[in-house]
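See structure below.
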Amino acid sequence: MNIMHPTLRRLDLNLLPVFDAIYRHRSVRLAADELIMSTSAMSHALSRLRLALNDPLFFREGHRMCPSVYATQLAPSVASALTYLNQSLKPQATFEPATSTERFQIAITDFTALCVFPALMHKLQQEAPGVRFELRYLPHSPALTELLAGEVDLALGFSTPDEIPHPEREEITWLQDDYVVISNPHRTQLTLDDYLAARHVVVTPWNEKHSVLDQQLARMGHTRQIAIKTPSMLSAPFIVAESDLLMAIPRLAAEKLLSAMNIQIFALPFTIPAFEVKIYSHTRSGKSVATDWLKSVLRQLAKDRD
């Protein structure tokens, strides 16, 4: 049977700082002072180290402890290993938003970025002005693979009826909204018959075959005429404003667009469950302190919306 690290298994690793301190100070007493040990305990540790490594390691010459050839060869590796372990194993530093330049990688769609980032950046420009974001479009939701792999810190996605919970994925419900329909300004009413007779622009950020609206219409025994499918929500309202096409989008987006282009808003002429934007994270995030802070900010902003 193979045994991992056979040398380390027979060596008390607490003896390595003893070796390093004696080598640097050339003194058992000074090494003991540094490690807050008694001189007798330090001498005992040196004896154990000599036995484990089968080498005298240090010779007393007057008031100095002079290293053996083997100790001189060993010292750089021990010092390097201790430095590396000390840096790697130290607890995560307290996250200081006001001075941090942390970079977060966030998976988004056009709409989820529109929902979250105006409010988030307004808040952070005072509280955490140096924090940075890298926004990434992903071909699917809720970016579980990327979260588990540590490729993104958070994902802003839509909840779907067939979404499967995962024990290592956490979520925050950022927004619940109803669907509305936007059209050019010339339309005066929108009944279900009008809706079914019209043609539509449909946004499918992950190239979905059937949207939630189409699934609901199918349950009602209807289909709609889709003229354009696009993964981007940014261009679609401009198409609607210049044509007779209709587009169903969450009310928040429609109201933001109303002041920017010549459109009007109608109630969706059939019932459908509320639209939800969720913020997904992974329980084992590699930047847990910083990510936990960001999630707390987002939770507070979500409460402020209520």
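What you are looking at is a predicted structure, and each value in this text was computed from that prediction instead of being measured.
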- For S232 and T230, does a side-chain donor sit closer than 3.5 Å to a side-chain acceptor? no
- Message: A quick test of your reading: do over 12 heavy atoms of other residues, nucleotides or ligands sit less than 6.0 Å from CZ of R199?
- Response: no
- Message: Under the criterion side-chain contact (heavy atoms from CB on, under 4.5 Å), I'd like the reasoning laid out for F104 against R132: C-alpha separation, chi angles, the key distance, then a yes or no.
- Response: CA-CA 6 Å; F104 294 96; R132 298 166 296 155; over 6 Å; no
- Message: Does this structure show an ion pair linking D55 with R50, if we count only N-O contacts that are shorter than 4.0 Å?
- Response: no
- Stepwise side-chain contact (heavy atoms from CB on, under 4.5 Å) check, F266 with R187: CA-CA 10 Å; F266 293 94; R187 184 175 290 277; 3.9 Å; yes
- Message: Do S211 and R224 pair up side chain to side chain, a donor and an acceptor below 3.5 Å, judged on atom types alone?
- Response: yes
- CE-CD1 distance between M65 and I22, expressed to the nearest 0.5 angstrom: 6.0 Å
- Crowding at CZ, F238 (>12 non-hydrogen neighbours, <6.0 Å): no
- Approximate separation, where rounding is to 0.5 Å, of L154 CG and F133 CZ: 8.5 Å
- Output for pair (L74 CG, L53 CG), nearest 0.5 Å, gives 6.5 Å
- Query: Going only through I, L, V, M, F, W and Y residues with side-chain contacts under 4.5 Å, is there a path from L234 to V116?
  - Reply: no
- Task: Please check if the side chain of Q264 supplies one atom and the backbone of P185 the other of a donor-acceptor pair under 3.5 Å.
- Result: yes
- Task: Please round to the nearest 0.5 Å and tell me the distance separating atom CG of L268 and atom CG of L213.
- Result: 5.5 Å
- Message: Quiz question: by atom type and distance under 3.5 Å, do the side chains of H25 and E34 form a donor-acceptor pair?
- Response: yes
- Message: If hydrophobic clusters are built by linking Ile, Leu, Val, Met, Phe, Trp and Tyr wherever their side-chain heavy atoms come under 4.5 Å apart, do L35 and L85 end up in the same one?
- Response: no
- Query: Any side-chain donor paired with an acceptor under 3.5 Å for D244 and N184?
  - Reply: yes
- Message: For the residue pair T83 / N86, report whether a side-chain donor-acceptor contact shorter than 3.5 Å exists.
- Response: no
- Got a sec: does the CG of L13 have more than 12 other heavy atoms crowding it under 6.0 Å? yes
- Task: Measure up the H200 and Y195 rings against each other and bin them: parallel (under 30°), tilted (30 to 60°), perpendicular (over 60°).
- Result: tilted
- Evaluate the side-chain hydrogen bond (donor to acceptor under 3.5 Å, both in side chains) criterion for residues S40 and S43: first the C-alpha distance (whole Å), next the side-chain angles of each, then the deciding distance (0.1 Å), finally the verdict. CA-CA 5 Å; S40 60; S43 297; over 6 Å; no
- Message: Parallel, tilted or perpendicular, judged at 30° and 60°: which one describes the rings of F58 and F19?
- Response: tilted
- Query: Should we say atom CD of Q126 is surrounded by more than 12 heavy atoms from elsewhere, each under 6.0 Å from it?
  - Reply: no
- Task: Could you go through the side-chain contact (heavy atoms from CB on, under 4.5 Å) check for E102 and W293 one step at a time?
- Result: CA-CA 11 Å; E102 184 69 70; W293 165 80; over 6 Å; no
- Query: Do the side chain of D153 and the main chain of Q105 share a donor and acceptor less than 3.5 angstrom apart?
  - Reply: yes
- Take K256 and L252, measure what side-chain contact (heavy atoms from CB on, under 4.5 Å) needs, and give me the verdict at the end. CA-CA 6 Å; K256 285 181 176 291; L252 173 66; 3.9 Å; yes
